[in-house]
There are 2 protein chains.
Amino acid sequence: MVRCDILVIHRYRSTDNAVAYVSVPPCDSSQDFGELLETEKGADVVFEVGDETVAAHRCVLAARSPVFAAELFGPMKEGNVAAAGVVRLEDMEMEVFKALLRYAYTSSLSLQGMANDHITCRKILVAADRYGMGRLKLICEEWICECINVDTVVTILALAEQHHCEGPKQACFDFLADPTKLRAVMVTSGFQHLWESCPSLMMELMDM
Amino acid sequence: MVRCDILVIHRYRSTDNAVAYVSVPPCDSSQDFGELLETEKGADVVFEVGDETVAAHRCVLAARSPVFAAELFGPMKEGNVAAAGVVRLEDMEMEVFKALLRYAYTSSLSLQGMANDHITCRKILVAADRYGMGRLKLICEEWICECINVDTVVTILALAEQHHCEGPKQACFDFLADPTKLRAVMVTSGFQHLWESCPSLMMELMDM
């Protein structure tokens with residue numbers, strides 16, 4: 001275990017020329033809670049995703065997500081399932097769920113080491129929306145705004161519409177305001193599908 | 001519940017002139033864990049301090065303090081006491097323990113509203129040392145360095161010696177390097193008591 005909280009510097013002079021005898025390191029709670037997730041110490045719930053499982057702590061999840069709070073502690077709780085400490089998740093991938101768990105504990109999202117992080121990030125956004133984790137959703141929104149190109153814009157626009165992501169939606173509209181890019185996108189099958197499935201979105205685009 | 005994570009600002013121009021479509025608010029985990037402590041949702045341990053009780057979550061405490069980890073989950077755990085979920089604390093004041101709990105959940109220490117916060121802060125330092133919470137101890141050390149005067153220096157020096165607080169110890173020594181202040185302190189009964197109880201500390205002071 002690496003700890004950064006024993007650093008003490010004596011008598012250095014800070015910029016205002018006062019003597020500082022103690023240096024308090026940055027907050028270490030993310031590291032502590034990240035270790036709690038990894039070590040599974042005192043874990044009281046197991047999630048089954050596909051044929052894999054991961055253990056976690058109900059109170060941490062309830063603190064960080066109103067949906068987990070309701071599912072694990074509220075009246076929505078499925079009695080036997082929650083009491084037995086095993087929750088089966090459908091429509092979820094383990095890589096995505098682990099990223100969501102890690103965010104719940106550490107408040108940080110790392111896509112490092114994930115194959116095709118752009119697609120994974122979209123899936124994490126969907127999961128964040130499902131569990132009511134607003135800040136995680138915004139982190140994903142910020143990330144996918146960086147990934148808009150001729151190949152991705154239709155998928156991102158559809159995702160933005162479905163999950164009420166105003167920022168990415170506006171970013172897609174701005175991208176399509178360029179006639180050259182719009183022409184390149186309009187001939188794709190994805191665009192034609194979006195035209196049929198989300199006519200109101202297309203009307204908005206035309207209005208621009 | 002006040003949540004700050006739904007703020008989205010569209011298309012503002014950041015300093016590097018790039019368009020930002022999404023604004024991610026600051027980390028909100030301290031607030032979430034603070035609410036967990038207040039609501040006691042899923043709490044699984046009760047601490048008795050004097051004739052008062054306070055509920056908490058074992059996994060949070062274990063994540064934040066190696067001493068709690070050992071007491072609540074490790075081989076040091078007192079079987080029946082921990083299993084029943086009630087832990088009686090001796091040599092502790094509820095106000096001090098609540099501040100320590102709040103720090104464990106939120107990583108912040110507030111002395112606001114506490115009578116005689118200087119004395120309370122010294123007690124929290126002692127509690128932080130007892131539970132191996134290094135950063136909280138440093139926050140207290142930083143605070144008590146601001147409280148050194150003719151009336152407090154002896155108490156703080158004794159505390160610093162007993163709990164291995166090098167910063168406050170040096171701050172006291174620097175304070176006593178002023179002959180006028182040293183003379184004022186030397187006539188106090190506290191100084192004479194320290195002289196008798198910590199002769200090595202006095203030798204260090206003389207050496208300066």
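Just so it is clear: chains get the letters A, B, ... in the order the sequence lines come, proteins before strands, and each one is counted from 1.
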- Message: Would A:Tyr21 and B:Glu166 count as a side chain to side chain contact (heavy atoms under 4.5 Å, CB included) here? Give the steps.
- Response: CA-CA 8 Å; A:Tyr21 293 94; B:Glu166 291 304 318; over 6 Å; no

- Turns out that what part of B:Cys59 lies under 4.5 Å from chain A's heavy atoms comes down to both

- Message: Shorter than 4.5 Å, heavy atoms on both sides: which option in A:Ala171, A:Ser108, A:Ser107 has the most such pairs with chain B?
- Response: A:Ala171

- Task: Measure the CG-OG distance between A:Asp32 and B:Ser65 for me, rounded to the nearest 0.5 Å.
- Result: 9.5 Å

- Might you point out which heavy atoms bring B:Val22 and A:Pro168 nearest each other, and give the distance in Å? CG2-CD, 4.0 Å

- Query: Which atom names give the shortest non-hydrogen contact between A:Phe33 and B:Ala104, and what distance separates them?
  - Reply: CZ-O, 4.4 Å

- Would you confirm whether A:Arg135, through its side chain, and B:Pro25, through its main-chain N or O, come within 3.5 Å as a donor-acceptor pair? yes

Identify each donor-acceptor pair in which a side-chain atom of residues 200-208 of chain A lies under 3.5 Å from a protein atom, sequence neighbours left out, and give them as a table.
from	atom 1	to	atom 2	distance (Å)
A:Glu204	OE1	A:Lys169	NZ	3.2
A:Glu204	OE2	A:Lys169	NZ	2.9

- Message: Please classify the contact between B:Ala62 and chain A as side chain, backbone, both or neither, with a heavy-atom cut-off of under 4.5 Å.
- Response: side chain

